[in-house]
Amino acid sequence: MRKSTATDASSSVILAVESSCDETSAAISKNGEILSNIVATQAVHENYGGVVPELASRAHQQNIVPIVHQALQKANITKTMLNAVAYTQGPGLLGALLVGSSFVKSLAWGLQIPLISVNHMQAHILAHFIESPRPQFPFLCLTVSGGHTQLVVVRDYLAMEIIGETMDDAVGEAFDKIAKLLGLPYPGGPHLDRSAQQGNPERFSFPATSMPELNFSFSGIKTAVLYFLRDQLKHNKQFIEENLSDLCASVQSTLISMLLEKVEAAASQTGIREIAIAGGVSANSGLRSQLQVLATQKQWQVYIPKIEYCTDNAAMIAMAAHYQYLAGLTDTLAVSPNPRLKFGSENND
Ligand code: KG4
Ligand code: ZN
């Protein structure tokens, strides 16, 4: 249950933990400045071509103590200097979230300091406030990750509204599933991106599904690629190897055009010209460069996070926690993780 507590705004030293998927991360912030951000990526999933929830939970268990220790050490902060501890409440894998939340709850209890529950997707957006240039409110954020694809109007640090989202797969899922069809290792998104940089995006054409309003759909392109490859492989067993970079470039350019079409529509509907991208897929080189090109045409101000703040990290959780702390939004120890956590005030039940 969320409560409102009087917090000392002049001093906020926060330890934040992220454990929603396959990255175990801990960060320390002091008055909104990130002092350390340690991320351990779990390599174990590579052998399985996707995240195995049980293995993710076990790896978080192994990583969490050394990662938190490193984050404190790098920031030159001791546990007794902490004013609050924060964790990712959701969305994410329940077993993975439980590791971070249980650890942080124990710390909050032991140290008798406030606990702050953070929404992972809101935190991806607030990663824009880690460093300059910071967006001006209101801004539009395309949040693209392995589990979500959302267009969000960000009115304030804690006031965000989803105005469009995917009706089926997330765009990161589309990148990963198509990469898998192309025989690329997991997680496929970055591999597909790398190969696309050598390819011709106009060589193959795949259908770009356009959903009503500001929504997205990415399941159709995955199926189209599957059928296309199956037909081509009947004639030529080496088709993928011989055409890999052109296939990657063509898929990537279709996915990017589907995203940017809706960003353009959202900007024109809302009249907002401050445009940001966030989440793992915002690390994509094609998306980053094409957004810049569109921004010049449209005279938008665009905000593209550093690569280390695109993919999952605890610095973004610390940033979100900082603003919640300033607003006095802390939790009791009765709170629990929610794998399907939504935006808004219904979060902490
Ligand atoms: O935000 P994130 O680290 O984790 C989730 O919250 O899901 O996003 C992970 C997703 C994966 O689907 C991964 O393949 C994708 O982000 N991704 C990329 C790139 N880097 C990460 N997709 C395309 N191009 C990239 N360079
Ligand atoms: Zn994420």
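Every number for a ligand or one of its atoms is a count from 1 in the order of the listing.
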Novice: Give the numbers and elements of all ligand 1 atoms closer than 4.0 Å to a heavy atom of Ala283.
Specialist: 20 (N), 26 (N)
Novice: Is there a path from Val225 to Leu244 through hydrophobic residues (I, L, V, M, F, W, Y) whose side chains come within less than 4.5 Å of each other?
Specialist: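 Per the 4.5 Å side-chain linkage, Val225 and Leu244 are co-clustered.
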Novice: Counting only N and O atoms by type, is there a donor-acceptor contact under 3.5 Å from the side chain of Thr270 to the main-chain atoms of Ile272?
Specialist: yes
Novice: Could you tell me which atoms of ligand 1, counted from 1 in the order shown, lie closer than 4.0 angstrom to a heavy atom of Asp193?
Specialist: 24 (N), 25 (C), 26 (N)
Novice: Considering non-hydrogen atoms of the protein only, which is the closest contact for atom 22 (N) of ligand 1, and what is the distance?
Specialist: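 For atom 22 (N) of ligand 1, the nearest protein heavy atom is Gly189 CA, 3.5 Å.
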Novice: Got a sec: is His124 within less than 2.8 Å of the Zn ion (ligand 2) via an N/O/S atom?
Specialist: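 Yes.
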Novice: Do the side-chain N and O atoms of His322 and Asn31 include a donor-acceptor pair separated by under 3.5 angstrom?
Specialist: no
Novice: Ser285 and Gln197: side-chain donor and acceptor closer than 3.5 Å?
Specialist: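 On atom types as modelled, these side chains qualify, holding a pair under 3.5 Å.
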Novice: Among protein heavy atoms, which lies nearest atom 4 (O) of ligand 1, and at what distance?
Specialist: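 Minimum-distance protein heavy atom for atom 4 (O) of ligand 1 reads Asp312 OD2, 3.0 Å.
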Novice: Is there a heavy atom in Cys21 that sits closer than 4.0 Å to ligand 1?
Specialist: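 In this structure, Cys21 fails to qualify as a contact of ligand 1 - no heavy atom is under 4.0 Å.
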Novice: Below 4.0 angstrom from a heavy atom of Gly172, which ligand 1 atoms are there? Numbered from 1 as shown, please.
Specialist: 12 (O)
Novice: Distance-only, no hydrogens or angles: does the Lys262 side chain make a donor-acceptor pair with backbone N or O of Glu165 under 3.5 Å?
Specialist: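 It does not hold such a pair.
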Novice: In the protein, which heavy atom is nearest to atom 7 (O) of ligand 1, and how far is it?
Specialist: Gly146 N, 2.8 Å
Novice: Report the nearest protein non-hydrogen atom to atom 12 (O) of ligand 1: residue, atom name, distance rounded to 0.1 Å.
Specialist: Asp176 OD2, 2.7 Å
Novice: What do we get for His120 next to ligand 1 when only non-hydrogen atoms under 4.0 Å count, side chain, backbone, both or neither?
Specialist: side chain
Novice: Once the angle between the rings of Tyr157 and Tyr323 is folded into 0 to 90°, is it parallel (under 30°), tilted (30 to 60°) or perpendicular (over 60°)?
Specialist: parallel
Novice: Please work out which of the three classes, parallel, tilted or perpendicular, describes the rings of Phe218 and Phe216, given edges at 30° and 60°.
Specialist: parallel
Novice: At what distance is the nearest protein heavy atom to atom 15 (C) of ligand 1, and which residue and atom is it?
Specialist: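 Answer for atom 15 (C) of ligand 1: Val281 CG2, 3.9 Å.
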Novice: Would you say Asn236 and Glu242 are linked by a side-chain donor-acceptor pair, where the criterion is simply a distance under 3.5 Å?
Specialist: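 Side chains of Glu242 and Asn236: pair found under 3.5 Å.
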Novice: Decide whether Tyr186 and Leu184 are clustered together by the hydrophobic rule: side chain heavy atoms of Ile, Leu, Val, Met, Phe, Trp, Tyr closer than 4.5 Å, transitively.
Specialist: no
Novice: Pull out every atom of ligand 1 sitting under 4.0 Å from any heavy atom of Gly147, numbered as shown with elements.
Specialist: 7 (O)
Novice: Write out the residue and atom name of the closest protein heavy atom to atom 21 (C) of ligand 1, then the distance separating them to 0.1 Å.
Specialist: Gly280 O, 3.3 Å
Novice: Say whether, by atom type as modelled, one donor and one acceptor occur between the side chain of Asn37 and the main chain of Ala27 under 3.5 angstrom.
Specialist: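 Side chain of Asn37 to backbone of Ala27, a donor-acceptor pair under 3.5 Å: no, none is there.
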Novice: Do any of the N/O/S atoms of Cys21, backbone or side chain, fall under 2.8 Å from the Zn ion (ligand 2)?
Specialist: no
Novice: Touching ligand 1 at all, His124? Heavy atoms, strictly under 4.0 Å?
Specialist: yes
Novice: Honestly curious: do Tyr303 and Met121 fall in one hydrophobic cluster under the side-chain, below-4.5 Å linking rule?
Specialist: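 Result: no, two separate clusters.
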Novice: Thr311 heavy atoms, cut-off 4.0 Å: which ligand 1 atoms fall inside?
Specialist: 3 (O)
Novice: What protein heavy atom lies closest to atom 24 (N) of ligand 1? Include the residue and the distance to one decimal.
Specialist: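 Ranked first by proximity to atom 24 (N) of ligand 1 is Asn284 ND2, 3.0 Å.
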Novice: Check all N, O or S atoms of Asp312 and name the one closest to the Zn ion (ligand 2).
Specialist: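 In Asp312, the heteroatom (N, O or S) nearest the Zn ion (ligand 2) is OD1.
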